Each structure stands twice: as structure tokens, then as C-alpha cells.
*Asks:* 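Pasting a structure here, questions to come.
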Number of protein chains: 4
Amino acid sequence: MSSQKSTAAADAAPDGAGRAPKRARGRQRVAALLDAATLVFAEKGYDAATMTEIAARSSTAIGSLYRFFPSKEALAEGVLRRYGERAGAGLDAIAARAPDLTAGDLVDALLDLMMALKSERTALKVLMDARVDCDNRRQYLRGVVQGRIAGVLSAYAPALPADRVAVVSVMLLHLMKAVPELAEEGAAAALIAEMRLVLRAYLTAAVADG
Amino acid sequence: MSSQKSTAAADAAPDGAGRAPKRARGRQRVAALLDAATLVFAEKGYDAATMTEIAARSSTAIGSLYRFFPSKEALAEGVLRRYGERAGAGLDAIAARAPDLTAGDLVDALLDLMMALKSERTALKVLMDARVDCDNRRQYLRGVVQGRIAGVLSAYAPALPADRVAVVSVMLLHLMKAVPELAEEGAAAALIAEMRLVLRAYLTAAVADG
Amino acid sequence: MSSQKSTAAADAAPDGAGRAPKRARGRQRVAALLDAATLVFAEKGYDAATMTEIAARSSTAIGSLYRFFPSKEALAEGVLRRYGERAGAGLDAIAARAPDLTAGDLVDALLDLMMALKSERTALKVLMDARVDCDNRRQYLRGVVQGRIAGVLSAYAPALPADRVAVVSVMLLHLMKAVPELAEEGAAAALIAEMRLVLRAYLTAAVADG
Amino acid sequence: MSSQKSTAAADAAPDGAGRAPKRARGRQRVAALLDAATLVFAEKGYDAATMTEIAARSSTAIGSLYRFFPSKEALAEGVLRRYGERAGAGLDAIAARAPDLTAGDLVDALLDLMMALKSERTALKVLMDARVDCDNRRQYLRGVVQGRIAGVLSAYAPALPADRVAVVSVMLLHLMKAVPELAEEGAAAALIAEMRLVLRAYLTAAVADG
DNA sequence: TATGAATGAGACTTCATTCAT
DNA sequence: CATGAATGAAGTCTCATTCAT
């Protein structure tokens with residue numbers, strides 16, 4: 001609103017309202033870059049994906065891509081981080097409702113979340129498999145998501161002892177990882193339904209035993 | 001009886017006894033190459049793995065690697081094929097014993113096989129995800145292993161209707177895929193035990209329902 | 001008038017005058033690459049010529065060479081194409097003057113053109129012999145040059161029947177091909193003079209007979 | 001005739017008659033190798049021709065090829081040398097008959113020889129263009145053939161002064177070089193006939209002038 | 001002596017990253 | 001700050017040549 005003077009004479013108003021649009025534009029750009037990166041990583045794999053294609057897919061100059069993400073690894077990290085945020089938010093939302101859910105509803109909620117993040121999951125798998133930022137990022141993400149699932153589980157079954165929560169939540173995460181792949185098999189619907197049974201049976205048994 | 005060939009692929013000399021050593025050395029070399037390739041693919045991923053490193057790890061000149069596997073893709077196919085053979089053989093052996101096994105024993109047998117193939121499984125995952133020989137080999141392997149699992153299931157529960165066998169065996173495969181990853185987590189032993197529970201519960205329920 | 005661009009391809013900036021320098025530099029770079037390629041192909045032959053040397057000779061990074069010519073074959077095609085353009089232009093110019101020339105003058109003009117293109121001719125020979133882009137480019141070039149010579153001949157001797165034009169122009173082309181090689185022999189001057197005699201005699205006889 | 005004992009017990013009679021068959025076999029082998037080499041060089045060009053293919057085409061083990069020709073360059077030199085011998089012999093034969101021939105007959109004889117050596121000429125061209133054994137062999141061959149043509153010319157026209165013989169024979173060689181290429185054009189027959197005219201006209205004029 | 005598996009230098013090509021404009 | 005041409009390290013693959021059998 002306040003300025004289209006994108007090229008010259010833009011160095012007034014150092015902070016307050018002047019740079020807001022700039023920052024907003026930056027955010028949009030970052031989002032577009034992450035979208036494109038997620039897409040291309042998922043399609044081609046980490047190594048085969050090229051920075052040039054990612055830039056092109058988001059209509060960004062390659063130089064600008066490097067301004068926001070100073071390396072391919074940083075870009076991958078960005079994709080991973082955003083996934084972590086989204087998955088975390090989804091899991092937190094489920095955790096909030098967990099106390100009032102039946103086992104079946106809880107499983108449905110988790111499966112729905114998984115399906116919603118399906119495209120990002122593919123990119124995620126590729127990036128985790130690529131030996132990129134192996135230890136730092138991987139640990140982090142694992143921790144974030146794992147911890148959130150533990151949170152959901154605790155909220156759902158407050159009586160479950162901590163050691164069981166740890167084991168069961170890891171198992172739940174691993175079981176849910178299979179969902180996006182099942183969704184690509186021939187009989188996707190039947191398999192997802194079957195997975196719902198598996199999860200519900202496991203969850204019920206785990207909570208009862210605990 | 002007369003040989004010390006310790007490595008693998010040990011169907012001994014059915015040839016004219018003339019230049020057995022030559023062929024034997026070739027087989028050893030191929031096995032060493034596949035071992036190294038499996039290792040490096042698992043460590044680095046398909047693209048990041050370099051033919052040079054695979055050659056070096058098996059103490060082979062790069063030219064010799066290319067004599068046996070004329071391209072990186074062919075090498076990946078070799079790794080996949082060998083995995084298919086080993087997994088197939090293991091599953092067939094289990095299928096033979098299946099009629100006499102309890103659910104718990106069957107699950108144990110499957111888990112043991114999975115653990116035995118653990119290192120190869122990691123390479124397998126990477127190679128299946130890589131956009132290599134996508135359709136031909138992937139379909140084939142999937143078919144071979146999937147079919148073998150269906151065979152095991154049929155042998156174990158002959159009364160299970162065909163459509164259930166199909167769905168349940170796909171689900172079993174996907175569940176077992178998680179095993180190698182679980183084995184790399186912190187509390188590996190507890191997680192494997194937990195997976196045993198999951199599988200036994202699912203298998204029992206599936207057979208009872210069917 | 002305002003420019004020092006000494007190299008070639010000097011059809012000056014018909015663009016929007018905005019980023020002329022960028023395009024001009026590209027043109028210069030392409031010209032330098034083609035010059036170096038022509039030289040190296042001529043010296044070493046197609047296969048023995050290395051992209052690395054061609055890049056080095058034109059003070060270009062290997063990556064830049066590949067930006068302009070995405071493969072060795074494309075580079076060879078570029079060399080061929082430029083030769084075709086230059087030879088075509090030269091022959092067209094001769095055709096325009098042909099009606100007013102004596103046989104001797106016409107032969108001189110053709111020989112002069114041949115000598116002017118001498119260095120490119122050597123590269124051309126090598127590239128035509130190489131089993132590269134065999135059919136497409138080869139046919140094309142042959143057609144362009146052959147057709148232009150036929151044009152010169154028709155302009156010079158309009159009464160010559162079409163079938164004779166075809167045969168005679170092919171023969172002229174083949175005779176002229178020997179010129180660059182003669183120029184590298186010991187007694188170059190004498191041989192060129194001799195070739196002038198051969199051509200004049202043949203041309204005169206052919207036109208008279210026809 | 002004297003022995004079929006090709007495998008064993010052939011090490012008696014160290015020199016005289018015993019090793020004759022061995023030597024004969026060697027000669028055959030060399031001839032087969034040169035034939036294959038000529039063929040493959042002509043087909044693929046010097047660089048693209050592989051020692052392995054040349055060995056295979058002559059049913060020779062690669063190691064044996066290297067026993068007779070210790071390098072690819074040596075093999076090329078062998079091909080060139082044999083061509084020189086054959087062309088030299090042919091030209092000598094023509095020289096012997098030259099005094100009794102008309103210009104037309106002489107040209108016919110030369111063209112016939114050229115056509116007879118056509119396949120070898122192709123290999124020759126490829127090898128001369130490849131910058132192999134550039135100076136030594138090339139000079140040699142050029143000298144041998146050039147000298148022989150000069151011999152033919154002197155025999156045909158004893159009155160021609162030496163300096164003219166030199167120039168005319170070089171020109172004749174260069175004109176004849178075009179023959180194999182003309183033979184591959186569309187209207188081969190017409191072009192060969194045309195070339196006969198060119199050569200006869202040039203030869204007649206040169207002898208008359210001289 | 002014949003054989004052909006083994007060797008490794010070096011070619012073509014790609015692409016992450018930089019920096020002049 | 002944006003742009004995208006330029007850079008060069010590194011990867012896959014070939015093939016002349018050697019040498020153990």
C-alpha cells in the first residue's frame with residue numbers, strides 16, 4: 001500500500017511499517033520455494049532433484065533461492081522443518097481432543113492426519129533416506145513427531161505408564177508410516193480399512209495391558 | 001565337500017571340471033560386489049552411492065565392476081534380484097513348516113527372517129524408492145515377495161478365503177517392513193517384542209475373522 | 001562503426017538496446033567456442049578431440065561450453081552449421097557475379113573461397129567422416145553446398161541442361177575438396193595453379209559439351 | 001602338407017622345416033587381423049574402433065592380437081603398410097604396361113586399381129585423418145604411392161620433365177582420391193565416367209604442355 | 001604360447017554454488 | 001537486492017593394455 005518503489009529510493013523507513021510488505025513477500029516466496037521443493041524432492045528424490053528445477057517450478061531466480069536457503073541441504077532442512085511444524089500442529093490438535101475420543105475415533109483422526117500430509121510424507125521419506133543432515137535434523141524431527149504422538153497417547157490414556165507410552169508411541173509412528181504407501185497400492189481402500197483395524201486392535205490391547 | 005567357498009551362491013561346480021576356478025572366482029567376485037553395493041547403497045542412498053566407492057569397498061578395479069554389472073542400474077538390479085532370491089527362499093522354507101506352526105511361532109519365524117535380511121532390507125528400501133528400473137524390477141520383486149508371503153499365509157491358514165489372503169499378506173509385508181527400522185531405534189529389543197505382539201494379534205484376528 | 005568486435009558473427013545488436021552486452025557477450029563466446037572447436041577437431045579428429053581441450057583453447061570453463069552446446073555432437077553440428085552458412089554465403093556471392101565472369105575468373109573465385117575456408121574445410125572433412133549426426137546434418141550440409149554450387153553453375157552457364165548441372169556440380173565440389181590438402185603439400189603454389197588449370201579445362205569442356 | 005600336429009609334440013626340428021607351418025599360421029593370422037582391422041577402422045573410424053572388436057572379428061584372442069601388433073597404433077601402421085604394398089604393386093604393374101597404353105587406357109587402369117582398393121581406401125582415409133603416427137607413417141605412405149604414380153607417369157610420358165612429373169603426379173593422386181567417394185554418391189556410374197573424362201583431359205593436356 | 005579377466009587413466013557430462021551486472 | 005551466466009569438482013562409463021593362468 002505504501003510503496004511500489006521496488007528498485008530505487010527504498011531505503012527510508014528502516015523498520016516499522018515500511019518493510020512489512022517486503023517481509024510478507026519474503027514469506028510467500030519461502031512458502032512457494034518449499035512447496036516446489038517438496039514436490040520435486042518427492043518426484044525425483046533428493047539427489048536427482050536439481051536446485052534449478054526447484055527454482056523454476058516456483059518461478060524464482062536461482063540466485064533468489066540461494067538467498068533464502070544457502071544450500072541444498074538447508075532447503076531440505078526447510079522442507080523437513082515445515083513438515084514437522086504441520087505434523088506437530090495436527091498432532092497437538094488431536095491431543096487436545098484425545099481425552100474425549102474412543103479408540104476408533106482416535107485412530108481415525110491419526111489416519112486422517114496421515115492422509116492429509118501424504119504428499120509431504122513422500123518428500124519426507126526421500127529426505128530421511130537420503131543421508132542428508134543425517135543426525136541433526138533427523139533426530140530433531142523424530143523427536144518432535146515422536147514426542148507429539150506420545151502426547152496424544154498420554155492424553156488418550158493418562159494411566160499408561162511412561163515406559164509403555166514411549167514404546168507404544170514409537171510403534172504407532174512406525175505403523176502409521178506405512179499408510180502413505182498403502183494408499184498407493186492397488187486395493188488402497190481395503191488396505192487403509194485393514195490398517196484401521198490393526199491400529200485399533202493394537203491401541204486397545206496396549207492400553208488395556210498397560 | 002571338497003571346497004571352502006565360504007561366501008554365497010554356493011551351488012558347486014556343475015561344469016566340465018576344466019576351468020572351475022575361473023568361474024568360482026567370478027562368482028566370488030560377484031558376491032563381493034553385491035555385498036559392497038548393498039552396503040554402500042544402504043549407507044548413502046542410490047544416487048549418492050558412487051560406483052568408485054562400491055568398487056573400492058570390494059577391492060575391485062572400477063573396470064572389473066563394470067565387467068560384471070555394465071551400469072549402476074544393473075548393479076542395483078543385481079542387489080534387488082539377490083534379495084528376492086534370499087527372501088523368497090526364506091519364505092518358502094517358512095511356508096513348508098507353516099502348517100505345523102502356532103501363530104506365535106509363525107510370527108517369530110517371519111521376524112527372524114526379517115532380521116536376518118536386515119542389512120539388505122535397508123538397501124532394498126533405498127533402491128525401491130530411487131527412481132531406478134522403476135517398473136520392471138520393482139513390480140517383479142514386489143510380486144515375488146508378496147506372493148511368497150501369501151503362500152506362507154495360505155499354508156498356515158488354508159481355510160482363509162483368497163481375497164482375505166491377498167489383503168492380509170499385503171498388510172503383513174508392510175508391517176514387517178518396519179522391522180529393520182525398529183531394530184535401529186534406541187529400545188530395539190522392546191520394539192521388536194512389541195512388533196511380535198502386533199503381528200500375532202493381527203494374524204490371529206485375521207485368521208479367526210476370515 | 002562503433003564496435004571493435006573483431007571475431008565474427010557480427011550482425012550487430014538488433015535488440016531492444018536494453019541488455020545488449022549480455023547477448024553480445026554470448027555471441028562472442030559462441031564464436032570463440034566454434035573457432036576453438038574447429039581448430040581442435042581439425043587437429044585431432046572428432047573422437048580424439050576432447051571437450052576439455054576445446055574449452056581450454058577458448059578460455060572457457062567446461063560448464064560454459066556445455067551451456068552453449070549441450071553435447072559434443074551438438075558442438076560438431078554447430079561447427080558444421082557455421083561452415084554451411086559461410087560457404088553458402090560465399091557461393092551465393094559468386095553466383096551473383098557468375099553471369100559476368102569468364103571461366104578463369106569463376107574458377108579463381110571458387111578457389112579463393114576454398115582457400116578462405118581452408119581451416120574450416122579440414123574440420124569439416126573430419127566431422128563428415130566421423131560417424132556423428134551422420135544422416136541429418138550430413139545430408140543437410142551436402143545439400144546446401146552442393147545446391148549452391150549448382151546455383152553458381154546455372155548462373156554461369158544458363159544453357160546447361162539440368163542433368164548435366166547436377167553431375168558437373170558434384171564433380172566440381174569433389175575437385176575443390178582437394179584444394180585444402182593441396183595447400184598443405186610442399187609445392188602448394190604450383191599445385192594450386194595446377195588445380196586452376198584442371199578446373200578451367202573441365203569447366204570449359206563441360207559447358208561446351210553440354 | 002607335412003604336419004597336422006598342431007597341438008603337441010611340435011617342438012622338434014627347431015628351425016628348418018618344422019616351424020614353417022607355424023610361420024604360415026602366423027602369416028594367416030596377421031592377414032586375418034589386418035583384414036578385420038581394415039574393416040573395423042573403415043566402419044567406425046580409428047578412435048571408435050576397439051581392439052576387442054577387431055580381435056573378435058578375426059576370431060583372435062585379444063592377447064594374440066597384441067602379440068602381433070603391440071599397440072593400436074602399430075595395428076594401424078600395419079594396415080597402412082599393407083595398403084602401401086598393394087597399391088605399390090598395382091601401380092608398378094601399371095607402370096610396366098604404361099609405355100604401350102593410350103591416355104584413356106592408362107586412366108582406366110588407374111581407376112580400376114582405385115576401385116579395386118576401394119574398401120582399403122576408406123580405412124586409409126580414416127587412418128590418415130586420425131592424427132595417428134602422423135609424421136612417420138604418413139610421410140612414408142605418401143612417398144611410396146606418390147613415387148609409384150610418378151613412376152607410372154614417367155613410363156607413360158618419358159619426355160615429361162622431372163618437375164612437371166612431380167606436380168602432375170601429385171595432382172593425379174589427389175584427383176584419384178575422390179574416386180571412392182564418388183562411388184558412394186547417388187549417380188556413381190555417371191560420376192566415375194565423368195572423372196574418367198577429367199583425368200583423361202588433364203593427363204592429355206599435361207603431357208602435351210610438358 | 002594362447003587366453004581373456006583385470007586394470008585404471010581419462011572422456012563426457014551434470015549441477016551445486018558464486019558473483020558480476 | 002534480484003538475476004542468471006559462469007565455474008569446476010565429481011560421477012558414470014569405456015577401452016587400450018597387461019599378466020596370471
Side-chain angles (χ1 to χ4, degrees), chain A residues 6-8 10-11 22 25-26 29 47-56 60-75, chain B residues 18-19 21-23 25-26 29 47-56 59-75, chain C residues 18-19 21-23 25-26 29 47-56 59-75, chain D residues 6-8 10-11 22 25-26 29 47-56 60-75:
Chain A
S6 58
T7 331
D11 38 358
K22 242 183 244 173
R25 201 132 49 87
R29 185 52 55 94
D47 290 283
T50 72
M51 295 298 271
T52 304
E53 179 175 1
I54 291 171
T60 304
I62 182 69
S64 302
L65 166 50
Y66 272 85
R67 179 158 305 281
F68 292 104
F69 300 97
S71 72
K72 193 179 187 179
E73 197 169 323
L75 180 57
Chain B
R19 67 221 182 290
K22 226 178 276 178
R23 218 177 282 180
R25 193 133 55 88
R29 179 64 55 99
D47 289 288
T50 73
M51 295 299 269
T52 305
E53 180 176 359
I54 292 172
S59 306
T60 303
I62 183 68
S64 300
L65 167 50
Y66 273 89
R67 172 168 301 283
F68 291 102
F69 300 97
S71 71
K72 193 179 186 181
E73 195 169 327
L75 180 57
Chain C
R19 67 220 182 290
K22 226 178 273 175
R23 217 177 284 178
R25 193 132 56 87
R29 180 62 57 98
D47 288 287
T50 73
M51 294 299 269
T52 304
E53 180 175 359
I54 291 171
S59 305
T60 303
I62 184 68
S64 300
L65 168 49
Y66 273 87
R67 172 169 301 283
F68 291 103
F69 300 97
S71 70
K72 193 178 186 180
E73 195 169 327
L75 180 57
Chain D
S6 58
T7 332
D11 39 357
K22 243 183 244 173
R25 200 134 49 88
R29 184 53 55 93
D47 290 282
T50 72
M51 295 298 270
T52 304
E53 178 174 0
I54 291 171
T60 304
I62 182 70
S64 301
L65 166 51
Y66 271 86
R67 180 159 304 282
F68 291 104
F69 299 97
S71 72
K72 193 179 187 180
E73 196 169 324
L75 180 56

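Throughout, a chain's letter reflects where its sequence line sits, starting with A, and its residues are numbered from 1. For clarity, every value in this text was computed on a predicted model and none was experimentally measured.
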*Asks:* Between NZ of Lys72(A) and CG of Asp47(A), what distance do you get to the nearest 0.5 Å?
*Replies:* 5.5 Å
*Asks:* Could you check how far CD of Glu53(D) sits from P of dT14(F), rounded to whole Å?
*Replies:* 15 Å
*Asks:* With nearest nucleotides of DNA chain E determined for Ala48(A) and Thr50(C) from heavy-atom distances, which residue corresponds to the more 5′ nucleotide?
*Replies:* Thr50(C)
*Asks:* Which of the following nucleotides, dC13(F), dA9(F), dA16(E), is nearest to the side chain of Ile62(C)?
*Replies:* dA9(F)
*Asks:* Considering non-hydrogen atoms only, spot the tightest contact between Pro70(A) and Ala74(A) and give its length.
*Replies:* CD-CB, 3.7 Å
*Asks:* Quick one: closest heavy-atom pair of Ile54(C) and Leu75(C), and the distance?
*Replies:* CD1-CD2, 3.8 Å
*Asks:* What's the CD1-P distance between Ile54(A) and dT17(E), to the nearest Å?
*Replies:* 11 Å
*Asks:* Could you tell me the separation between the CG atom of Leu65(A) and the C1' atom of dT18(E), rounded to a whole number of Å?
*Replies:* 13 Å
*Asks:* Considering only dT13(E), dT7(E), dT12(F), which nucleotide approaches the side chain of Tyr66(B) most closely?
*Replies:* dT12(F)
*Asks:* Below 4.0 angstrom from OP1 or OP2 of dT7(F), is there any side-chain N or O of Arg29(C)?
*Replies:* yes
*Asks:* Assuming nearest nucleotide by heavy-atom distance, tell me which of Gly63(B) and Gly63(D) is located more 5' along DNA chain E.
*Replies:* Gly63(D)
*Asks:* Name the nucleic acid region contacted by Ala55(C), choosing base, sugar-phosphate or nothing; use a 4.0 angstrom heavy-atom cut-off, strictly under.
*Replies:* nothing
*Asks:* Starting the side chain at C-beta, find the nucleotide from dT12(F), dT13(E), dT17(E) nearest to Lys72(B).
*Replies:* dT12(F)
*Asks:* In whole angstrom, what separates Phe69(C)'s CZ from dT14(E)'s P?
*Replies:* 15 Å
*Asks:* Using a heavy-atom cut-off of 4.0 Å across all strands, would you classify Ala56(B) as base, sugar-phosphate, or nothing?
*Replies:* nothing
*Asks:* Using a cut-off of strictly less than 4.0 Å, decide whether Ser64(C) has a side-chain nitrogen or oxygen near OP1 or OP2 of dA5(F).
*Replies:* no
*Asks:* What is the distance from CG of Asp47(B) to C1' of dT12(F), rounded to the nearest Å?
*Replies:* 12 Å
*Asks:* Determine: side-chain N/O of Thr52(D) to OP1/OP2 of dC15(F), distance under 4.0 Å, yes or no.
*Replies:* no
*Asks:* For the side chain of Met51(A), starting at C-beta, report the closest nucleotide among dA16(F), dT12(F), dA16(E).
*Replies:* dA16(E)
*Asks:* Whether Arg67(D) contacts dA2(E) is assessed here as follows: a side-chain N or O lying under 4.0 Å from the phosphate OP1 or OP2. Is that the case?
*Replies:* yes
*Asks:* Pairing check on dT17(E): which nucleotide meets the Watson-Crick or G-U wobble criteria with it, both distances under 3.5 Å?
*Replies:* dA6(F)
*Asks:* Which part of the nucleic acid, if any, lies within reach of Phe68(C) when heavy atoms closer than 4.0 Å are counted: base, sugar-phosphate only, or nothing?
*Replies:* sugar-phosphate
*Asks:* In the structure shown, which nucleotide is the Watson-Crick or G-U wobble counterpart of dA9(E), with both distances under 3.5 Å?
*Replies:* dT14(F)
*Asks:* Are Tyr66(B) and Met51(B) close enough that some pair of their side-chain heavy atoms sits under 4.5 Å apart?
*Replies:* yes
